[in-house]
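This structure is in structure tokens; I'll ask about it shortly.
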Amino acid sequence: MSNFPSEKPVLVTCGLPYANGKCHIGHLRTYIPADIFVRSLHKQGQDATFVCGSDTHGTPIVVSAEQAGSTPEQFIEQYHHHFDEVFKNLGIKFDFFGSTNDPVNHNRTNEIVNKLIENNYVYPKKIDLAYCPHCERSLPDRYVEGICPYCESQARGDECDQGCGRHLEPGEILKPICKVCGSNAEYRKQEHFFFRLSSFKDFLMEHLDTLGGTANSRNYAREWVQNELRDWCITRNLEWGVRFPGHEDLVVYVWVDAPIGYISFTEEYCNNAGLDWQQIWQGDSRIIHFIGLDIAYHHCIFWPAMLKGAGYSLPWAVIASGMVKIEDKTFSKSRGYVVWVNDDYLDHGFHPDLLRYYLASYTSHTKELNFSWTVFQEKVNNELVGSLGNFLHRTLHFANKNFGRVPEGQVSPDVLAEIRETIQNVTEAMDEYEFKKAIDTIMSLSAYGNTHFQSNEPWHMIKQDPDACKRVVKDCLQIAKALVLLCEPVIPAKMKEAWEQLGLEGDVSKMTYNEALVELESGRALPKPAILFNKIDDKKIEEMEKIMNKRVAEAKAKEEKTTSAPPQVQEITFEDFKTMDIRIGTVVLAENIKDSDKLLKLQVDIGEPEPRQVVAGIAQTHEPGEIVDRQVVVVANMKPAKLFGVESNGMIMAADEDGAVLLQPEKQVENGTSVR
RNA sequence: AGCGGGGUGGGGUAGUCAGGAAAUCCCGACGGGCUCAUAACCCGUAGAUCCAUGGUUCGAAUCCAUGCCCCGCUACCA
């Protein structure tokens with residue numbers, strides 16, 4: 001049984017893009033499937049409202065704007081436009097794309113916060129807050145860095161991002177350092193406001209049991225709810241943001257007003273369209289959030305608790321997508337592992353639909369997706385060009401050339417049954433947010449079409465048995481019509497063209513799947529078809545890979561520069577130097593390490609009862625045989641490390657010049673002699 | 001160390017939540033066919049100890065336990 005269509009109003013949202021940087025392919029992992037889902041809902045006869053908008057508040061934007069010598073207003077404006085434009089170019093069709101800085105959102109946030117206060121879910125508390133005496137200001141969230149009180153890792157003010165992953169409340173972080181000027185911050189008592197998240201524990205456990213969507217988000221949230229739910233500080237000392245009611249010096253935390261954007265965008269859209277937004281947000285409705293897994297915590301814990309506390313409708317489903325990687329590395333702008341949607345894709349003349357197809361069909365929605373230009377090319381050339389494009393073209397071309405119109409005859413029952421089953425399976429897959437499965441199912445209908453065409457050989461029939469030929473062509477045209485309807489959610493622009501090539505009228509995006517079972521009208525004229533999808537040649541892909549490799553190389557070079565520079569400038573004391581235990585030793589054994597090009601495993605006698613095992617990165621310049629019996633300089637108190645699974649308890653010193661040039665004592669000395 | 005994601009034919013993937021006869025799909029290899037179509041398409045063949053060990057079961061890729069290995073985070077990334 002399919003979930004749709006439903007009597008209840010349906011709202012679909014996407015995690016708000018943060019107006020602090022350009023759109024890259026990683027973003028699209030959420031937006032494209034959401035758009036496909038909404039288009040598919042329409043095809044199932046389900047009305048749905050689809051909203052999104054820019055997330056414009058919070059500390060990072062203030063910091064970025066300051067660095068850019070701009071105001072936050074100006075700063076967010078450019079990225080808001082950027083995302084809006086990119087989404088339009090990709091066929092991601094929001095009913096409304098707003099901004100959390102819109103007055104409607106300020107109002108709605110105020111209303112909700114007041115409601116929470118009224119319902120006694122908010123209380124004031126004096127807490128220690130980081131304050132920078134040098135900059136003379138309070139340091140919220142990411143203005144401050146320090147040590148996580150739970151795991152002792154380096155952490156940001158609001159989250160232990162390098163360690164245990166916990167959300168940190170203001171005042172928790174140890175050894176705070178001002179991120180703006182780098183000086184030590186101090187703690188000062190200040191009054192802030194807290195949301196009684198802890199009182200929602202039972203409610204949340206229940207909510208998570210009934211919440212729909214993908215399991216990854218629920219499971220993730222459940223663990224947090226079970227362990228500990230602490231009250232949540234919802235105010236910040238910032239100028240930029242939504243004012244906390246009654247306190248001129250405070251704004252609400254960005255994670256309060258950002259999701260409220262979902263409500264205010266719905267409001268703005270509905271008010272413009274003459275609809276009732278309260279049916280969705282205060283009535284019995286289906287609210288569906290598409291997000292990245294990294295914000296599951298907010299959407300499955302904070303957000304439902306806030307909605308409950310203020311008397312709003314709860315989310316019906318949360319769908320969390322997996323991350324996008326490049327060559328097995330997670331996206332990272334600073335490391336160069338990024339593919340920009342404009343610069344690296346659209347500007348090179350690639351059609352948006354190809355990317356939509358690739359991202360949605362590569363792997364399950366909840367799994368990681370490893371971006372690769374060659375796989376992109378492979379999928380486009382084999383599936384879109386070879387199978388789908390070719391079937392549509394050979395069918396339309398053959399029909400147009402021989403008949404010029406849709407031939408007479410009935411579509412065979414087998415073909416209709418096949419189409420019916422495909423629709424059924426695609427709908428089910430969409431219901432489960434299995435976009436890859438849905439697309440694979442559609443592609444197998446395309447393969448079925450090709451086989452049908454091939455095995456009946458209409459090009460022979462046309463001479464021997466024209467009537468039989470007409471039946472086959474009619475079958476194939478019907479399959480083509482079905483394919484166009486089924487593919488429209490995924491590759492809308494291309495299917496709009498194909499719809500016209502079938503000689504059909506109306507907006508294909510507004511047709512339902514059931515239209516695929518309506519037989520084409522015999523005698524209807526068929527225009528001359530044009531090719532829909534072209535192969536991507538190897539040269540183009542090589543070019544794209546080159547661009548990507550270059551960026552990664554540049555980023556790596558930059559990284560090395562920044563990491564290797566400090567030791568040269570930083571002075572150390574003699575005391576510091578004495579902390580190193582450097583000794584002379586003799587290599588007694590050396591061997592290669594399997595699978596490693598650069599490493600050798602050495603046993604070095606440094607005057608201890610047993611030789612030390614040390615792994616050295618010198619295999620490219622030294623054969624194991626040539627260094628046995630040689631004396632070397634060893635840092636003996638290195639922290640043990642595992643390299644290629646081999647333990648290393650020291651470091652061999654070498655000059656770093658296109659490989660390794662080993663240091664050696666001037667003359668033979670006793671093993672274990674220390675160096676100073 | 002912590003957290004997260006993984007280990008399925010040569011490469012890439014599905015299936016794992018709800019355990020069942022022959023493990024999906026795309027590429028690649030090999031053989032054949034077709035010539036309507038974008039050197040596209042169709043048919044067939046070979047190729048998998050489903051990371052390992054132990055357990056539960058009539059039955060395990062799937063559930064449980066232990067272990068091994070890979071990858072990511074480490075300056076605001078959905």
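Note on naming: letters A, B, ... go to the chains in the order of the sequence lines (proteins, then strands), and numbering restarts at 1 for each one. Not measured: the values here are computed from a predicted model.
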For this session: Measure up the F435(A) and H365(A) rings against each other and bin them: parallel (under 30°), tilted (30 to 60°), perpendicular (over 60°).
Result: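 Ring orientation of F435(A) relative to H365(A): perpendicular.
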
Exercise. With respect to the side chain of V63(A), which nucleotide from A78(B), C76(B), U38(B) is positioned closest?
Worked result: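 Comparing A78(B), C76(B), U38(B) against the side chain of V63(A), the answer is C76(B).
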
For this session: Decide whether Q377(A) and D538(A) meet the rule of one side-chain donor and one side-chain acceptor closer than 3.5 Å.
Result: yes

Problem set entry | Ring center gap for Y358(A) and W373(A) short of 6.0 angstrom | no

Problem set entry | Interatomic distance at P, U53(B) relative to G2(B), whole Å |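 Straight-line distance between the two P atoms is 26 Å.
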
Problem set entry | Ring centers of F398(A), F453(A) separated by less than 6.0 Å | yes

Exercise. Expressed as a whole number of Å, how far does the C1' atom of U57(B) sit from that of C64(B)?
Worked result: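 My reading of the C1' atoms in U57(B) and C64(B) gives 12 Å.
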
Exercise. Honestly, is K436(A) close enough over Y362(A), meaning NZ or CZ under 6.0 Å from the six-membered ring centre and within 45° of the axis?
Worked result: no

Exercise. S64(A) side chain N/O closer than 4.0 Å to the phosphate oxygens (OP1, OP2) of C76(B)?
Worked result: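 S64(A) to C76(B) OP1/OP2: no side-chain N or O under 4.0 Å.
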
For this session: Would you tell me if any nitrogen or oxygen in the side chain of K367(A) comes within less than 4.0 Å of OP1 or OP2 on A14(B)?
Result: yes

Exercise. So, are D343(A) and K22(A) salt-bridged, with charged N and O less than 4.0 Å apart?
Worked result: yes

For this session: Identify, between V375(A) and G292(A), the residue whose nearest nucleotide on RNA chain B lies closer to the 5' end.
Result: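 With V375(A) and G292(A) compared, the 5'-side residue is V375(A).
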
For this session: Return the 5'-most residue of the pair N534(A), Y362(A) with respect to RNA chain B, ranking by each residue's nearest nucleotide.
Result: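 With N534(A) and Y362(A) compared, the 5'-side residue is Y362(A).
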
Exercise. Excluding sequence neighbours, so at least two apart, what forms side-chain contact (heavy atoms from CB on, under 4.5 Å) with E77(A)?
Worked result: H81(A)

For this session: Let me know the distance between OH of Y18(A) and C1' of A75(B), rounded to the nearest Å.
Result: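 Those two atoms, OH and C1', are 15 Å apart.
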
Exercise. Taking OP1 and OP2 of G15(B), is either one under 4.0 Å from a side-chain nitrogen or oxygen of S364(A)?
Worked result: yes

For this session: Grab the CZ-C1' distance between F453(A) and C41(B) for me, whole Å please.
Result: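 Rounded to whole Å, this separation is 10 Å.
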
Exercise. Which of residues 443-452 of chain A sit near RNA chain B, with a heavy atom under 4.0 Å from it?
Worked result: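 RNA chain B contact set from residues 443-452 of chain A: N450(A), T451(A).
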
Problem set entry | Length of the line joining E368(A):CD and C71(B):C1', which is rounded to integer Å |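 Taking CD of E368(A) and C1' of C71(B), I get 8 Å after rounding.
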
For this session: Report the distance from atom CD1 of I25(A) to atom C1' of A78(B), rounded to the nearest whole Å.
Result: 13 Å

Problem set entry | Positive for side-chain hydrogen bond (donor to acceptor under 3.5 Å, both in side chains) with S321(A), one of T366(A), T30(A), N216(A), T214(A) | T30(A)

Exercise. Which value, in whole Å, describes the distance between the P atoms of nucleotides U16(B) and A21(B)?
Worked result: 14 Å

Problem set entry | Given A37(B), C77(B), A14(B), the nucleotide with the shortest approach to the side chain of N390(A) | A37(B)

Problem set entry | Side-chain N,O (K401(A)) to OP1/OP2 (C36(B)) below 4.0 Å | no

Exercise. Choosing from A78(B), A40(B), U38(B), which nucleotide comes nearest the side chain of I295(A)?
Worked result: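 Closest nucleotide to the I295(A) side chain: A78(B).
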
Problem set entry | Rounded distance in Å between the C1' positions of G33(B) and A14(B) | 30 Å

Problem set entry | Rounded distance in Å - CG (L532(A)) to P (A40(B)) |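 Rounded to the whole Å, the gap is 18 Å.
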
Exercise. When you compare G12(B) with C42(B), how far apart are their P atoms, in angstrom units rounded to a whole number?
Worked result: 25 Å

Problem set entry | Contact list for RNA chain B against residues 392-400 of chain A - heavy-atom distance below 4.0 Å |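 Heavy-atom contacts with RNA chain B come from H393(A), R394(A), H397(A), F398(A).
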
For this session: Inspect the contact between K88(A) and D84(A) and indicate whether a charged nitrogen and a carboxylate oxygen are less than 4.0 angstrom apart.
Result: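 Yes.
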
Exercise. Should U57(B) form a Watson-Crick or G-U wobble pair with both distances under 3.5 Å, which nucleotide is its partner?
Worked result: none

Exercise. Per the side-chain contact (heavy atoms from CB on, under 4.5 Å) rule, which among L532(A), I491(A), I442(A) passes with L388(A)?
Worked result: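 Among the candidates, only I491(A) passes.
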
For this session: Kindly say whether the aromatic ring centers of H80(A) and F97(A) come within a distance under 6.0 Å.
Result: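 Under 6.0 Å, so yes.
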
Between protein and nucleic acid, restricted to nucleotides 27-30 of chain B and to nitrogen or oxygen atoms under 3.5 Å apart, what atom pairs and distances do you find?
{"from": "C27(B)", "atom 1": "O2'", "to": "E378(A)", "atom 2": "OE2", "distance (Å)": "3.2"}

For this session: Please find out if less than 6.0 Å separates the ring center of F302(A) from that of Y297(A).
Result: yes

Exercise. Considering Watson-Crick and G-U wobble pairs with both distances under 3.5 Å, what does G44(B) pair with?
Worked result: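 C30(B) - that is the nucleotide pairing with G44(B), both distances being under 3.5 Å.
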
For this session: To the nearest Å, give me how far apart CZ (F371(A)) and P (G12(B)) are.
Result: 17 Å

For this session: Could you work out the separation of A61(B) and G15(B) based on their C1' atoms and round it to a whole Å?
Result: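 Approximately 8 Å lies between the C1' atom of A61(B) and that of G15(B).
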
Exercise. What about the rings of H57(A) and Y253(A), do their centers lie closer together than 6.0 Å?
Worked result: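 No, too far apart.
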
For this session: For U66(B), give its Watson-Crick or G-U wobble partner with both distances under 3.5 Å, or none.
Result: A52(B)

For this session: Have a look at K437(A) and say if it touches a base, only the backbone sugar-phosphate, or nothing, with a 4.0 Å heavy-atom cut-off.
Result: nothing

For this session: Would you check if the distance from the ring center of H298(A) to the ring center of W303(A) is below 6.0 Å?
Result: no

For this session: For A18(B) and A40(B), measure between their C1' atoms and round to the nearest Å.
Result: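 To the nearest whole Å, 42 Å.
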
Exercise. Who does C76(B) pair with, Watson-Crick or G-U, both distances under 3.5 Å?
Worked result: none

Exercise. Starting at CD of Q377(A) and ending at P of U38(B), how long is that distance when rounded to a whole Å?
Worked result: 20 Å

Problem set entry | Separation between the P atoms of G19(B) and G59(B), rounded to whole Å |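 Per the computed distance, 15 Å lies between those P atoms.
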
For this session: Consider only side-chain N and O atoms of S387(A) and S446(A), and report whether a donor and an acceptor are under 3.5 Å apart.
Result: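 Their side chains do contain a donor-acceptor pair, which is all the 3.5 Å distance test asks for.
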
Pairs under 3.5 angstrom, nitrogen or oxygen only, protein versus nucleotides 33-35 of chain B, please.
{"from": "G33(B)", "atom 1": "N2", "to": "Q454(A)", "atom 2": "NE2", "distance (Å)": "2.9"}
{"from": "U35(B)", "atom 1": "OP1", "to": "H460(A)", "atom 2": "NE2", "distance (Å)": "2.8"}

Exercise. With V12(A), which residues qualify under side-chain contact (heavy atoms from CB on, under 4.5 Å), at least two apart?
Worked result: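 Residues passing side-chain contact (heavy atoms from CB on, under 4.5 Å) with V12(A): V10(A), F37(A), V38(A), L41(A), F50(A), I288(A), F290(A).
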
